[in-house]
Chemist: 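So that we are looking at the same thing, I have put the structure below in structure tokens.
In what follows, chains are A, B, ... by sequence order, proteins preceding strands, each numbered from 1.
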Amino acid sequence: MTPALLADLVRAAASDVMTRRGLDLAALPADVGVERPRNPEHGDYATNVAMRTAKKAGVSPRDLAGWLVEELTGKGGIASAEIAGPGFINLRLATDAQGAIVSEVLAAGDAYGTGDELADKNVNLEFVSANPTGPLHLGGTRWAAAGDALGRVLTARGAKVTREYYFNDAGAQINRFVDSLVAAAKGEPTPDNGYGGAYIHDIAAQVLAAEPGALESPDRDEVFRRVGIDLMFVEIKQALHDFGTDFDVWFHEQSLHDSGAVETAVNRLKTSGQLYESEGAWWLRSTEFGDDKDRVVIKSDGNPAYIAGDIAYFLDKRSRGFNLCIYMLGADHHGYVGRLKAAAAAFGDDPAVVEVLIGQLVNLVKDGKPVRMSKRAGTVVTMEDLVEAVGVDAARYSLIRSSVDSSLDIDLDLLTKKSNDNPVFYVQYAHARLASLARNAADLGMTPGTELGLLEHPREGDLIRTIGEFPAVLASAAELREPHRVARYLETLAAAYHKFYDSCRVLPMGDEEISDLHRARLALCVAARQVLANGLAVLGVSAPERM
RNA sequence: GCCCCCGUAGCUCAGGGGAUAGAGCGUCGCCCUCCGGAGGCGAAAGCGCAGGUUCGAAUCCUGCCGGGGGCACCA
């Protein structure tokens, strides 16, 4: 019996009891469920439904719990039900009912854990979107890992997801990038406010190699802009691809200006009265939608401000059919939340279609002290640096496993030591062990058994119940946009497996005969391996057969 | 000044109201005659402070303290 089914059973029982006793069913919360108690003495599962319902229903929690225990006792699959503490109901499952979770995993295979509650969501997931003025740094790398994992989580729960990268290839930063390239090509020092990294010289040299006459060309800046930005695009795309993060759409801000989309969007807002003119500029009444001040959309020199591109971009996304636009931004952009929602509202759209996830920044730490990323000090860490130091799996995993709400410290020493003390190995090792076990079992001609009621060792029960949690973990990770929950779950699952393995022999020893218990345990192992593989896939981390 | 995030073990982080707060790393001790010891078992060690809501608060609310990041007709 899965926890979801058990929760249904508990709800139904509560509903029956309350009806029979003439209690108001409205007192029964819609979201009552079961949880796994920390303390094994409190049963396999526990429910707090009595405590949550009693007051509104006008009865005492212990009384209600008592009636529920009576109702639940003897139901199919439930071995025992008892009252505990202030009104908890502790439940134990019959081992054969519990073992059914294993069969379910085996039957579902790769699909175990998936769901369809997000099937009506057509999601535009925009993340990374770093300016093409340099290689991706640790910050962008964090979003590349977490954003991609979020995309996979949403997909697993039924959403249609389009991953999108927005290149800000219009505007002043790009001009500075181009000026820096030209200066480097001429062997001149980096201009003020320019970009001075070594990659600038590389790219400048590549531009010259591709277009030998570039410096003398009358369209010099245009050549450097076109070729230089292209090279930067290619480099960023390649780095992301090598990192296991691929985008469906690479969107160029410039295209919005070239196509007239910006002008169209702005005119629409002018017509609908959402923009007003003041001091020679056109302003969006974003304060009416929660922003702390109105924003300039068209500057007094007639040029569009940055937000004009955002507005047109949002309209473009909506015109492509997306009904949920998720933006993953760094903490230094949190001021955007209000104006992005305001842009949606200004078009008469529901601001809820705009969801902005603000992630905190990545800090570098050395010897326990923070170090600033500095090109001169050689402490700029790029995506490639991180991958080179620890590998893609460990890099992705360590960036995904914490909530993006907390800022993250990355230890420079850890990178240089190429240390192996990453929890990803703990999880991957469990998978590799299971793969090895499967090979050995195959050599013995063993097949997974069906007498799953034989799995009555406490650690077998723990493992089965942990496996049973996976669908709910994926569902909450998707709902809350928190892929780190999947990583933490996998660590719990790996621990449950390692503990099981330590005390439950799966394969026969020596010339011992193969028993039903051996085969049942093998089935459990196949299921455990499946869930580890499914979970790792959701994180974009490999599930190795051997390590 | 205003806004956002964070403050949990020596360190890096989990814990979206529930019973005795967890993991990894680090420290100390124990466990290999057979399925992978990248493992298991045990020990020491913690919710910034003060109020409030609740049968029950690390979790929700308020204030304070501490850390990070924002508050452009830049992009």
Chemist: E279(A) near the nucleic acid: base, sugar-phosphate alone, or nothing, with a heavy-atom cut-off under 4.0 Å?
Modeler: base
Chemist: When all nucleic acid strands are considered with a 4.0 Å heavy-atom cut-off, which category describes A84(A): base, sugar-phosphate, or nothing?
Modeler: base
Chemist: Once you round to the nearest 0.5 Å, how far does CG of D310(A) lie from CG of L284(A)?
Modeler: 11.0 Å
Chemist: Scan A170(A) against the nucleic acid and name what it touches under 4.0 Å (heavy atoms): base, sugar-phosphate only, or nothing.
Modeler: sugar-phosphate
Chemist: Give C504(A) one of three labels, base, sugar-phosphate or nothing, depending on what nucleic acid heavy atoms sit under 4.0 Å from its own.
Modeler: base
Chemist: Tell me what R459(A) touches on the nucleic acid: a base, only sugar-phosphate, or nothing, going by heavy atoms under 4.0 Å.
Modeler: sugar-phosphate
Chemist: Do H334(A) and rG69(B) have a side chain to base donor-acceptor pair shorter than 3.5 Å?
Modeler: yes
Chemist: Can you figure out which of rG37(B), rG18(B), rG69(B) approaches the side chain of D332(A) most closely?
Modeler: rG69(B)
Chemist: Would you say the base of rG16(B) and the side-chain of R485(A) have a donor-acceptor pair closer than 3.5 Å?
Modeler: yes
Chemist: Considering only atom P, compute the distance from rA58(B) to rG40(B) and round it to an integer number of Å.
Modeler: 29 Å
Chemist: When rounded to the nearest Å, what value does the distance between C1' atoms of rG26(B) and rA45(B) take?
Modeler: 12 Å
Chemist: Looking only at side-chain N and O atoms, does S406(A) come under 4.0 Å of OP1 or OP2 in rC6(B)?
Modeler: no
Chemist: When the distance from NZ of K299(A) to P of rA72(B) is rounded to whole Å, what number comes out?
Modeler: 15 Å
Chemist: How far does the P atom of rG7(B) sit from the matching atom of rU12(B), given to the nearest Å?
Modeler: 12 Å
Chemist: Give a yes/no on whether any side-chain N or O of K499(A) is located under 4.0 angstrom from OP1 or OP2 of rC41(B).
Modeler: yes
Chemist: Across the strands shown, which category fits L408(A) at heavy-atom distances under 4.0 angstrom: base, sugar-phosphate, nothing?
Modeler: sugar-phosphate
Chemist: Any chance you could lay out the side-chain contact (heavy atoms from CB on, under 4.5 Å) test for N440(A) and L444(A), step after step, and finish with the verdict?
Modeler: CA-CA 6 Å; N440(A) 295 340; L444(A) 294 173; 5.7 Å; no
Chemist: Within 45 degrees of the ring normal and closer than 6.0 Å to the centroid, is that where the cationic atom of K499(A) sits relative to Y497(A)?
Modeler: no
Chemist: So does N440(A) get a side-chain nitrogen or oxygen closer than 4.0 Å to the phosphate oxygens (OP1/OP2) of rG36(B)?
Modeler: yes
Chemist: What does E545(A) touch in the nucleic acid at a heavy-atom separation under 4.0 angstrom: a base, only the sugar-phosphate, or nothing?
Modeler: base
Chemist: How is S476(A) classified with respect to the nucleic acid when contacts are heavy atoms under 4.0 Å: base, sugar-phosphate, or nothing?
Modeler: base
Chemist: So what does A172(A) touch, heavy atoms closer than 4.0 Å: a base, only the sugar-phosphate, or nothing?
Modeler: sugar-phosphate
Chemist: Between rG40(B) and R433(A), is there an OP1 or OP2 to side-chain N/O distance shorter than 4.0 Å?
Modeler: no
Chemist: For N90(A), report the nucleic acid contact type (base, sugar-phosphate, nothing); a contact means any heavy atom under 4.0 Å.
Modeler: base
Chemist: Categorize R38(A) for me: base, sugar-phosphate, or nothing, with a 4.0 angstrom heavy-atom threshold over every strand shown.
Modeler: sugar-phosphate
Chemist: Could you measure between the two C1' atoms, the one in rC28(B) and the one in rG10(B), and give it in whole Å?
Modeler: 14 Å
Chemist: Within the structure shown, what part of the strands sits under 4.0 Å from L480(A) by heavy-atom distance: base, sugar-phosphate, or nothing?
Modeler: base
Chemist: Measure CZ/F500(A) against P/rC41(B) and give the value in whole Å, please.
Modeler: 14 Å
Chemist: Contact class for D409(A) (heavy atom, under 4.0 Å): base, sugar-phosphate, or nothing?
Modeler: sugar-phosphate
Chemist: Looking only at the aromatic ring of each residue, does the gap between the centers of H252(A) and Y166(A) stay below 6.0 angstrom?
Modeler: no
Chemist: Kindly say whether, by distance alone, the side chain of S407(A) makes a donor-acceptor pair under 3.5 Å with the base of rC5(B)?
Modeler: no
Chemist: What contact category does Y426(A) fall into here, base, sugar-phosphate, or nothing, at under 4.0 angstrom with non-hydrogen atoms?
Modeler: sugar-phosphate
